[in-house]
Amino acid sequence: MLEEILGAIRQVIVSGDLAGGSFVEEFEKDFAAYCGTKHAVGVGSGTDALWLTMKAMGIGPGDEVITVPMTFFATAEAITMTGARPVFVDVDSKTYTMDPAAIEGAVTARTKAIIPVHLFGQTAAMQPINEIARRFGLRVIEDASQAHGAGYHGRKAGSLADAGCFSFYPAKNLGAVGEGGAVTTNDGALAEELRCLRNHGQSVKNHHPVVGWNSRMDGIQGAVLKVKLGYLDDSNALRRCHALRYTAEMAFSQGIMTPMEGDNMTHVYHIYALQVAERMRLVEAFREKGIGYGLHYPVPIHLQPAYRELGYLKGAFPVTERCADQLISLPMFPELNTSQIDAVVKIVKSIGFSCKAA
Ligand SMILES: *Cc1c(COP(=O)(O)O)cnc(C)c1O
């Protein structure tokens, strides 16, 4: 794949089609087809994808957007950047994605949209979420930044709501060689508005009907992503295979909870997070043995200093806060091999957690 990628980069540089342009358009066509939507619009990052989608929907000051505090900071940050206010609801304790039962209590006259996050590679419960949105006349935007290729009732992430926002940050399941993002949608007018906003609000050159921003995707990223998209299903299959091995090996261990795949969902394991009440002991063991681990996310967004002004207190979202204290992410990437997985499992099992856990 590396030679193919280097060849694609060379082709872009030689062509001079570097900022937006034909390589981005080709990737957009392929990515829309892959996700099962009519349109895909390449932008500068996943954060921009979220921000510009809300802007294109007319969301701004005075509005509220419902999302979860159990996500990467960018989901809430993009809402704030539109001038709207993020309103949080807790996540489900098994899937770690938006709890549909919590949404209705958070809807006010100012609510304009809901942003469920397909956390760790598994889609949120989109049917009930879309149903509530329909009832209250709200838009739904998928934050699919961790879920390239994830499935829900036979359809792909990005095709399950009004718009799907993706990040191609290098570490994502589909990663660029730098920054990138995209919005998928079946709404032609929304796609058109996004194409305008990402290019300084220009409809045609030097004509600016609205104020936009510079969030074009690089030609190099478009060309590289087009190559890597061809390998996405294979690399997701490897991730699923590794996850299955982790889960099978640890299934009957006391004090830990392995990730759960919901009915009719295809988890693509961007992150394999284990829930362990005594997380510190595992962190220490991993550090000692030199095993890489992650914490996603140790400080929930409603408790971040930047959002003190929103007025949320500790205890507001018990499931999210428990996840912040107890989740630990194990090594997970397509190139992982079984002996590496078994070495990690051996460390987890050697600890002997008490059964009060998880
Ligand atoms: C990575 C990520 C983003 C932001 O994407 P960038 O490309 O880094 O701007 C947004 N939401 C979630 C859930 C993410 O994981």
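Order of listing sets the numbers, starting from 1, for every ligand and every atom in it.
For ligand 1, the atoms sitting less than 4.0 Å from at least one non-hydrogen atom of T71 are 13 (C), numbered in the order shown with element in parentheses. The distance from ligand 1 to the heavy atoms of S45 drops below 4.0 Å at these ligand atoms: 7 (O), 9 (O). Interface of T75 with ligand 1, defined as ligand atoms under 4.0 Å from a residue heavy atom, comprises 11 (N). Numbered from 1 in the order shown, with element, the atoms of ligand 1 that lie under 4.0 Å from a heavy atom of V117 read 13 (C).
A tilted orientation is assigned to the rings of Y312 and F88, their planes being inclined by 30° to 60°.
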Verdict with reasoning, E4 to Y231, per side-chain hydrogen bond (donor to acceptor under 3.5 Å, both in side chains): CA-CA 12 Å; E4 213 179 327; Y231 295 90; 2.5 Å; yes
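For the residue pair Y272 and R239, no side-chain donor N or O sits within less than 3.5 Å of a side-chain acceptor on the partner. Counted by atom type alone, S22 and D17 present one or more donor-acceptor pairs between their side chains at under 3.5 Å. With hydrogens and angles left out, the side-chain atoms of N214 and N199 include no donor and acceptor closer than 3.5 Å.
Remark: minimum distance from atom 9 (O) of ligand 1 to any protein heavy atom is reached at T47 OG1, 2.4 Å. The nearest heavy-atom contact from the protein to atom 7 (O) of ligand 1 is S167 OG, 2.6 Å. Taking atom 11 (N) of ligand 1 as the reference point, the nearest protein heavy-atom neighbour is D143 OD2, 2.8 Å.
No part of D48 comes within 4.0 Å of ligand 1, judged by heavy-atom distances.
In summary, the aromatic rings of F166 and H148 are positioned with their centroids under 6.0 Å apart.
Within the structure, the closest approach of K172 to ligand 1 falls below 4.0 Å when heavy atoms are considered.
For the atom pair CG of L274 and CD1 of I256, the computed distance is 4.5 Å after rounding to the nearest 0.5 Å.
The shortest N/O to N/O separation between G46 and ligand 1 falls below 3.5 Å. Backbone and side-chain nitrogen or oxygen atoms of Y169 are examined, and none is located within less than 3.5 angstrom of a nitrogen or oxygen of ligand 1. Polar contact with ligand 1: present for Q146 (N/O pair, distance under 3.5 Å).
Between S215 and the choices V43, V41, L197, the side chain to side chain contact (heavy atoms under 4.5 Å, CB included) rule is met once, by V43.
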